[in-house]
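In what follows, chains carry the letters A, B, and so on, assigned in the order in which the sequence lines appear, proteins first and then strands, with residues in each chain numbered from 1.
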Amino acid sequence: MVAHSYQLKRADFIFKNENDWERILDKMLKRPTRELINELMSSELKGRGGAGFPTGLKWKLTAEDPSDTKFVICNADEGEPGTFKDREILTKVPYKVLMAMAVCGYVIGSNQGYIYLRGEYKFLVPELNKVIQEFEYYCKQIGHDFSIKIFLGSGAYICGEETALFESMEGKRGEPRNKPPYPSSNGYMGKATVVNNVETLAHTFTIFKYGAKKFYDLGVQYSRGSKLFSVSGDTPKPGIYELELGMSLQDFVNEFGDGDTKAVQVGGASGFLVPRKRFEKTTIGYRGKLTGISLPTGGSMMLFNSSRSMYNVLDNYLEFFREESCGQCTPCRVGCQQLHFGIKAVKRGDKPAQYLDKLLKLTETMQLTAKCGLGQSVANSFSSIVENFREEMIY
Amino acid sequence: MSNTIHVTINGIALEVEKGKTILDAANQAGMIIPTLCFHKDLCIAGNCRVCVVEVSGQKRLAAACATPCEEEMEIQTNSLKVRNSRKHIIELLLSEHNADCTKCYKNGNCELQELASEYKIMTQDFLRLAPMKNYTIDQFSPSIIKDDSKCIRCQRCVRTCAELQGVNALTVAYKGDEMKIASFFEKAMNDVVCTNCGQCVNHCPTGALVERNYIEEVWDAISDPDKHVVVQTAPAVRVGLGEEMGMEVGSRVTGKMVSALKRLGFNAVLDTDFTADLTIIEEGTELLNRLKKALKEKDNSVKLPMATSCSPGWIKYIEHMYPEFLEHLSTCKSPQQMFGALVKTYYAKARKIDPENIVSVSIMPCTAKKFEANRPEMHDSGYRDVDYVLTTRELAIMIKQAGIDFKKLPDEKFDRLMGESTGAGVIFGATGGVMEAALRTAYELVTGREVPFENLNITPVRGMEGVRQATIKIENPLTQWDFLDGVELKCAVAHGLVNAQKVMDEVKSGTSQYHFIEVMACPGGCLGGGGQPIPTSPEIREKRMEAIYAEDAGMPLRKSHENPEILKIYQDFLGEPLGLKSHHLLHTKYIGRDRL
Ligand SMILES: Cc1cc2nc3c(=O)[nH]c(=O)nc-3n(C[C@H](O)[C@H](O)[C@H](O)COP(=O)(O)O)c2cc1C
Ligand code: SF4
């Protein structure tokens with residue numbers, strides 16, 4: 001029997017300082033766009049912002065849209081509790097992101113990029129603007145028409161959802177739109193738009209510089225490449241780590257746990273809680289197929305030791321969702337309230353333990369019917385916590 | 001490329017036009033999918049989620065209203081998954097809702113209630129959230145009551161106020177569990193740009209937005225033996241009321257309405273159409289005066305185009321949004337307010353009744369008229385000119401309360417003195433009607449000949465196009481009007497305030513060539529007013545409009561200046577158009593307001 005043939009592997013691409021981005025950019029702008037798309041497709045890079053959509057395909061679809069005006073947007077709203085990696089990237093290697101945006105602009109046919117920056121990251125603006133200035137200056141020198149503007153969000157988690165982000169940029173209330181139509185044809189200002197997470201863009205730099213194979217060789221099937229993980233909670237070494245995808249959660253806990261890890265919340269509030277008994281069987285990657293669980297949403301890994309009450313953890317998440325739901329759709333707006341006040345009622349003894357089953361059914365409805373990813377994913381943490389730690393919910 | 005798509009709905013194969021939604025397709029197949037946030041007048045929101053359906057191969061359910069059909073789609077509108085989800089969603093809405101239905105003004109005409117009944121939601125398993133919330137009721141407006149505890153956040157009102165009216169008095173505030181529909185800084189609706197048009201009321205599926213009703217006050221007046229209660233009815237009421245009484249949309253019920261009003265105990269049942277005719281005389285004269293000053297006397301201070309002033313929603317809109325253009329408004333009061341001022345003067349004198357004892361009630365398709373009657377300047381008779389304004393809906397409630405079997409009523413005629421009217425007065429109820437009525441009279445006044453349109457039907461100003469333009473060339477006028485010879489009179493008609501905005505922006509930019517513009521705040525004009533029966537839709541308004549023009553066509557007199565009672569009132573009381581008495585009783589001033 002193969003226990004777990006895979007070991008935890010560190011990678012060091014994202015934060016590696018590369019001093020030749022000008023040269024890489026020159027090179028990319030000379031290659032046919034089709035080739036660049038193929039490069040991305042064969043790397044099998046998937047979006048690091050949450051939904052895990054293949055990046056090459058996203059660029060391809062947007063490139064194929066006949067619109068004359070298109071946009072490239074870097075999603076730096078980073079609102080998922082427990083993630084703080086995008087900020088690091090923008091601080092340490094911002095030029096990688098800018099270069100990736102320019103290449104994306106070249107591929108899809110856009111000369112305007114935006115960085116949608118989380119409001120709390122306002123302090124990054126002066127430094128970032130300086131880099132943008134230099135970058136635009138270089139683009140001008142080589143005759144590449146591309147400019148980048150920063151758009152500052154105002155603190156709503158939901159504005160990280162790409163269509164709510166468009167609304168917000170258009171000066172409207174940040175509420176997710178109906179899909180279809182998708183951003184690849186109807187994005188910002190109704191024009192074809194690529195929205196990519198900061199980290200996704202940084203990875204494309206690696207791919208463009210070192211070739212798709214280098215990236216593809218990392219990770220496992222369906223989950224190629226490395227990923228930044230924001231490690232927090234009961235761990236002796238919190239921080240940001242770049243790890244190859246496909247590790248087992250056990251290996252992760254062996255490395256980062258404090259010896260008493262009871263559960264790990266993978267993917268932040270909208271991710272899943274994995275209890276100790278499932279560490280071995282859980283692979284961190286994009287698909288459920290590998291005995292594992294689904295994607296590590298922004299890459300947050302929160303460890304809990306036995307001193308933690310899972311009730312409190314869930315209470316915390318539900319409060320977050322209750323407040324951060326945009327409030328427009330019924331299943332999410334009211335569902336989050338019912339879940340949050342519901343577990344409190346069970347805890348108080350106002351509702352019987354079986355009420356939890358009614359709430360579990362409700363999360364199924366939320367998953368099926370909510371308008372956007374927020375409402376759809378509340379079920380993840382709710383059901384994984386309630387199913388694995390039912391007693392803690394009741395007593 | 002083919003323009004059709006093939007789908008199946010519950011196994012039934014169907015060919016639908018490209019671009020149609022699942023909801024459209026279901027309707028085409030005769031399947032009803034429940035909706036709440038969907039409204040035919042508005043853009044798609046897709047937020048209530050009750051219209052979810054199952055699409056084969058898709059993990060999640062799709063909102064039928066917001067999902068376009070795709071080739072080969074297999075749709076289930078009533079699978080177990082769909083039913084369970086829908087039930088959950090209705091239960092969730094009810095848990096947040098003040099579901100004390102028997103105490104609700106909209107009891108019996110509420111889309112949420114209907115759904116709850118359809119799905120037989122008879123238990124309350126989820127927590128009651130409503131009592132945990134600090135819901136507020138805004139009752140400061142004389143027109144509209146906003147009760148947040150009844151709100152299901154479908155945003156129909158928000159979209160109505162933005163898309164149909166361009167006013168944006170109602171918007172979404174806060175997020176998460178605190179998300180609510182609010183006016184600017186949560187001020188009272190009475191203190192913001194709200195025009196009181198009541199379109200939000202007309203589009204609200206529940207009791208969250210309703211008219212402020214004065215039913216009990218009117219019953220009290222009727223029951224008071226010392227009071228002489230006079231009622232006037234606006235033109236559009238007679239083509240809407242039938243709907244509330246279980247009749248077909250577009251039924252003309254003038255005679256039955258009069259009959260019902262008499263049975264309710266009103267002492268005199270009179271017609272706002274009479275003062276509509278009077279408005280034409282006053283306003284037509286005002287227009288000709290302005291034209292004379294501008295064209296003959298070359299007086300640059302004359303404000304053209306002149307704009308109609310019958311729609312109080314429009315008046316409040318321009319007061320807020322274009323206060324620098326108030327002088328473009330005709331100084332004529334609306335027919336309701338002319339009527340009110342005359343009831344307590346002319347009518348009182350002729351009938352030898354102490355105006356002190358007159359209670360003047362009006363039945364309007366409108367909620368803004370409630371505000372208008374409440375304006376401090378509307379006391380020219382020495383009393384409050386119009387005491388109570390009831391909507392078409394409130395009248396229907398009174399008729400039902402009185403136990404009147406409306407459909408069986410005989411037709412009766414309006415009482416006399418201010419009860420006679422013409423087809424020109426009737427068409428005030430439709431967009432373009434005031435324009436048409438004014439042209440019928442003004443053209444004849446100027447040329448001595450009837451307007452050159454078949455059967456007096458000035459079709460270019462009719463219809464549902466948001467902004468319509470018409471040009472009428474004046475040839476061979478009477479000598480007194482010779483300066484108008486060859487002049488092309490340019491007119492524009494707009495309905496729905498977004499369209500008013502278009503015309504006003506033209507005027508503001510100085511590119512407008514118009515002499516005369518008619519604006520009605522509501523889509524379709526008064527027949528689509530905020531006080532008309534609910535529901536409303538383009539088709540419903542179209543039918544009411546047909547009824548209005550049929551009513552006009554059936555009238556023996558179709559020109560305001562031929563109304564014998566109009567001739568009489570000038571002879572006996574007013575003297576002449578724009579005379580001193582007119583000026584005092586029939587004309588008014590406007591006030592610039594903030595844009596909050
Ligand atoms: C509620 C919600 C919040 C989100 N917040 C973020 C965010 O902060 N940053 C981000 O990159 N993507 C966020 N996303 C995902 C975006 O909608 C989108 O999928 C992503 O930016 C696409 O980029 P990618 O393909 O590079 O991952 C969020 C999604 C949802 C539903
Ligand atoms: S799921 Fe939640 S956040 Fe998403 S649209 Fe619905 S209410 Fe808004």
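From A/K191, atom NZ reaches atom OG1 of A/T62 across 14.5 Å, with rounding to the nearest 0.5 Å. To the nearest 0.5 Å, atoms NZ (A/K60) and NZ (A/K58) are separated by 15.5 Å.
Among A/L368, A/L359, A/I158, the residue with the largest count of heavy-atom pairs under 4.5 Å with chain B is A/L368. Counting heavy-atom pairs under 4.5 Å between each of B/C37, B/G46, B/A62 and chain A puts B/G46 at the top. Annotation: maximal heavy-atom pairing with chain B below 4.5 Å, among A/P181, A/P331, A/C336, A/A345, occurs at A/P331.
Contact record, A/G174 with A/C159: CA-SG, 4.0 Å, taken as the closest heavy-atom pair. Nearest heavy atoms, A/Y286 versus A/G47: OH-O, 3.0 Å.
B/I152 touches chain A through its backbone: at least one of N, CA, C or O sits under 4.5 Å from a heavy atom, while the side chain does not. B/V172 touches chain A through backbone and side chain together, each having a heavy atom under 4.5 Å away. Residue contact with chain B, scored on non-hydrogen atoms closer than 4.5 Å, involves the backbone of A/C326 exclusively. Heavy-atom distances place no part of B/A63 under 4.5 Å from chain A, backbone and side chain included.
Judged by distance alone, the side chain of A/D77 and the main-chain N or O of A/G79 form no donor-acceptor pair under 3.5 Å. Without hydrogens or angle criteria, A/N75 side chain to A/G160 main chain gives a donor-acceptor distance under 3.5 Å.
Contact annotation: the side chain of A/L273 never approaches that of A/L314 to less than 4.5 Å [non-hydrogen atoms, C-beta and beyond]. Put simply, the side chain of A/F382 reaches to within 4.5 Å of the side chain of A/I343, judged on heavy atoms.
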Report the donor-acceptor contacts between chain A and chain B below 3.5 Å as a table, one pair per row.
from: A/R173; atom 1: NH1; to: B/Y174; atom 2: O; distance (Å): 2.8
from: A/R173; atom 1: NH2; to: B/Y174; atom 2: O; distance (Å): 2.7
from: A/E175; atom 1: OE2; to: B/Q155; atom 2: NE2; distance (Å): 3.1
from: A/N178; atom 1: ND2; to: B/A45; atom 2: O; distance (Å): 3.2
from: A/R322; atom 1: O; to: B/D177; atom 2: N; distance (Å): 3.0
from: A/R322; atom 1: NE; to: B/D177; atom 2: OD2; distance (Å): 2.7
from: A/R322; atom 1: NH2; to: B/D177; atom 2: OD2; distance (Å): 3.4
from: A/E323; atom 1: O; to: B/K175; atom 2: NZ; distance (Å): 3.3
from: A/E324; atom 1: OE1; to: B/K175; atom 2: NZ; distance (Å): 3.4
from: A/E324; atom 1: OE2; to: B/K175; atom 2: NZ; distance (Å): 3.1
from: A/S325; atom 1: O; to: B/G176; atom 2: N; distance (Å): 2.6
from: A/T330; atom 1: N; to: B/N47; atom 2: O; distance (Å): 3.2
from: A/T330; atom 1: OG1; to: B/C48; atom 2: O; distance (Å): 2.9
from: A/R333; atom 1: NE; to: B/E96; atom 2: OE1; distance (Å): 3.1
from: A/R333; atom 1: NE; to: B/E96; atom 2: OE2; distance (Å): 3.2
from: A/R333; atom 1: NH2; to: B/E96; atom 2: OE1; distance (Å): 3.1
from: A/Q337; atom 1: OE1; to: B/K133; atom 2: NZ; distance (Å): 2.8
from: A/Q337; atom 1: NE2; to: B/E96; atom 2: OE2; distance (Å): 3.0
from: A/Q338; atom 1: OE1; to: B/L127; atom 2: N; distance (Å): 3.1
from: A/Q338; atom 1: NE2; to: B/S95; atom 2: OG; distance (Å): 2.9
from: A/Q338; atom 1: NE2; to: B/L127; atom 2: O; distance (Å): 2.9
from: A/K351; atom 1: NZ; to: B/D125; atom 2: O; distance (Å): 2.9
from: A/K358; atom 1: NZ; to: B/D125; atom 2: OD2; distance (Å): 3.2
from: A/T365; atom 1: OG1; to: B/H88; atom 2: ND1; distance (Å): 2.5
from: A/L368; atom 1: O; to: B/L61; atom 2: N; distance (Å): 2.9
from: A/T369; atom 1: O; to: B/R49; atom 2: NE; distance (Å): 2.6
from: A/T369; atom 1: O; to: B/R49; atom 2: NH2; distance (Å): 3.4
from: A/K371; atom 1: NZ; to: B/A45; atom 2: O; distance (Å): 2.7
from: A/Q376; atom 1: OE1; to: B/R60; atom 2: NE; distance (Å): 3.4

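For A/P81, the side chain to side chain contact (heavy atoms under 4.5 Å, CB included) criterion is met by A/A269, A/F320, not counting sequence neighbours.
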